[in-house]
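If you're wondering where the values come from, they're calculated on a predicted model, not measured in any experiment.
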Amino acid sequence: MWDFLSAHLLHPCIVRRLLDTGFYRIIEIGRLQLDWSLITALIERWRPETHTFYLSIGEAIITLQNVEVLYGLPVDEHPIAYPHALREYTGLSYLEMLRRLTGFQPTEEATFSGYSRLQLTPVRLHLEAMNADITDDILDLHIDRYTRLLMLLMFSVALFPNTSENLVSLRFLHHLKRLDDLPGYSWGATILGYLYRQICRASIGTQ
């Protein structure tokens, strides 16, 4: 996502749409330079029984307020849940949802991993093709499609990263159906919960 954004200036209509969703702050923050030595040191000091970092100055924790202030995402709105009906979705079901919500349909089966994950490279290539068509008089439908694809990259790279580094879960599409509803959900709390889960997994792996 960051390479795409560095090479393509977002059209003002896309910026406005992202501002409406509440997620433009993530793009304003930009790519973070990670200090892996510091991250490893923090993981080694993580105490899963208390969900805190045990430091020389005492216990420390990442709070909901930290996430709300840094990311500008709500933490006290509606909880984010995965509908039970979607648990029965197949790969074809997710691809149909992807086509309907974004207008993008991968042409190679190799780009699809498992039943719900898609490689990021074809998503970026499709965004690059769409970018040239973004003008002042573009239809809202195309603005929303572009925004959904960009947010898929954002979710995979910046907010809910995974070890694959090149796959995005299409389960996120369910939450991107109605972009206007996004500010009414506790994305900050969900991101923090995901972060805690990743920290716990990493700390177990280092033991």
> Just by modelled atom types, is the Ile14 backbone N or O under 3.5 Å from a matching donor or acceptor in the Tyr24 side chain?
Replying inline: no
Taken to the nearest 0.5 Å, the spacing of Asp20 CG from Asp180 CG works out to 7.0 Å
Fill in: Connected via hydrophobic side-chain network under 4.5 Å: Tyr146 and Leu141
no
Q.
Can a side-chain donor-acceptor contact be found between Asp136 and His11 if the only test is distance below 3.5 angstrom?
A. yes
Value for CD (Glu68) from CG (Asp76), rounded to nearest 0.5 Å, stands at 6.0 Å
Would you call the rings of His175 and Trp187 parallel, tilted or perpendicular, taking 30° and 60° as the class edges? perpendicular
Is the closest side-chain heavy-atom distance between Gln119 and Leu167 below 4.5 Å? yes
Heavy-atom check, side chain of Asp144 versus side chain of Arg17, under 4.5 Å
yes
Between the side chains of Asn66 and Thr63, is a donor N or O closer than 3.5 angstrom to an acceptor N or O?
yes
CG/Leu38: more than 12 non-hydrogen atoms of other groups inside 6.0 Å: yes
Rounding to 0.5 Å, atoms NE2 (His174) and CD1 (Ile80) come to a distance of 10.0 Å
Between the CD1 atom in Ile62 and the CG atom in Leu42, the distance rounded to the nearest 0.5 Å is 8.0 Å
- Side chain to side chain, Asn131 and His126, heavy atoms closer than 4.5 Å: no
Open item on the list: Same cluster or not: Val15 versus Ile27, using hydrophobic residues (I, L, V, M, F, W, Y) connected whenever any side-chain heavy atoms lie under 4.5 Å apart?
Closed with: yes
* Taking a hydrophobic cluster as the set of Ile, Leu, Val, Met, Phe, Trp and Tyr residues connected by side-chain heavy atoms closer than 4.5 Å, whether directly or through intermediates, do Leu55 and Tyr196 fall within one such cluster? -> yes
query: Got a donor-acceptor contact below 3.5 angstrom from the Ser186 side chain to the Glu77 backbone?
result: yes
Determine, using the 4.5 Å side-chain heavy-atom cutoff (strictly less than), whether Tyr82 and Phe160 are members of one ILVMFWY cluster.
-> yes
Thr147 side chain vs Ile143 backbone, donor-acceptor pair below 3.5 Å: yes
Requested in this report: Tell me, with the steps shown, if Phe155 and Leu176 meet side-chain contact (heavy atoms from CB on, under 4.5 Å).
Outcome: CA-CA 11 Å; Phe155 281 3; Leu176 298 178; 4.1 Å; yes
* Please determine if Asp140 and Arg145 form a salt bridge, counting it only when a charged side-chain N lies under 4.0 Å from a carboxylate O. => no
**OP:** Walk me through it: do Leu10 and Leu18 pass the test side-chain contact (heavy atoms from CB on, under 4.5 Å)?
**Re:** CA-CA 10 Å; Leu10 292 179; Leu18 287 169; 4.0 Å; yes
Heavy-atom side-chain contact between Leu192 and Val75 under 4.5 Å:
no
Taking every heavy atom of Leu70 against every heavy atom of Arg25, the minimum-distance pair comes out as O-NE, 3.1 Å
Note: Phe23 and Met151 closest approach over all heavy atoms is CD1-CE, 3.5 Å
| query | Ser93 and Thr90: side-chain donor and acceptor closer than 3.5 Å? | reply | yes
To the nearest 0.5 Å, atom CD of Glu44 lies from atom CD1 of Ile39 at 12.5 Å
- [ ] May I have the step-by-step check of side-chain contact (heavy atoms from CB on, under 4.5 Å) for Leu101 and Met97, ending in yes or no?
- [x] CA-CA 6 Å; Leu101 294 179; Met97 186 188 297; 3.7 Å; yes
dist Phe172:CZ -> Leu153:CG (nearest 0.5 Å) comes out at 12.0 Å
*Taking the side chain from Arg148 and the backbone from Lys177, do they hold a donor-acceptor pair closer than 3.5 Å?*
yes
TODO: Count the heavy atoms belonging to other residues, nucleotides or ligands that lie under 6.0 Å from CD of Gln65, then report whether that count exceeds 12.
DONE: no
Tyr185 and Pro79 have their tightest heavy-atom pair at CD2-O, 3.5 Å
His142 and Met130 have their tightest heavy-atom pair at O-CE, 4.1 Å
In terms of heavy-atom contacts, Thr21 and Leu179 come closest through CG2-O, 4.0 Å
Go through it in stages, so that I can follow the logic: the residues are Leu127 and His8, the test is side-chain contact (heavy atoms from CB on, under 4.5 Å), and I'd like the CA-CA distance, side-chain angles, deciding distance and then a yes or no.
CA-CA 10 Å; Leu127 268 176; His8 303 85; over 6 Å; no
| request: Please indicate whether Tyr194 has more than 12 foreign heavy atoms, meaning atoms of other residues, nucleotides or ligands, lying under 6.0 Å from its OH. | output: yes
When every non-hydrogen atom of Leu152 is compared with those of Leu173, the smallest separation belongs to CD1-CD2, 3.9 Å
Do Ile43 and Tyr54 belong together in a cluster built from hydrophobic side chains that touch within less than 4.5 Å? no
Q | Pairwise side-chain contact, Leu118 with Phe104, heavy-atom cut-off 4.5 Å (strictly under) | A | yes
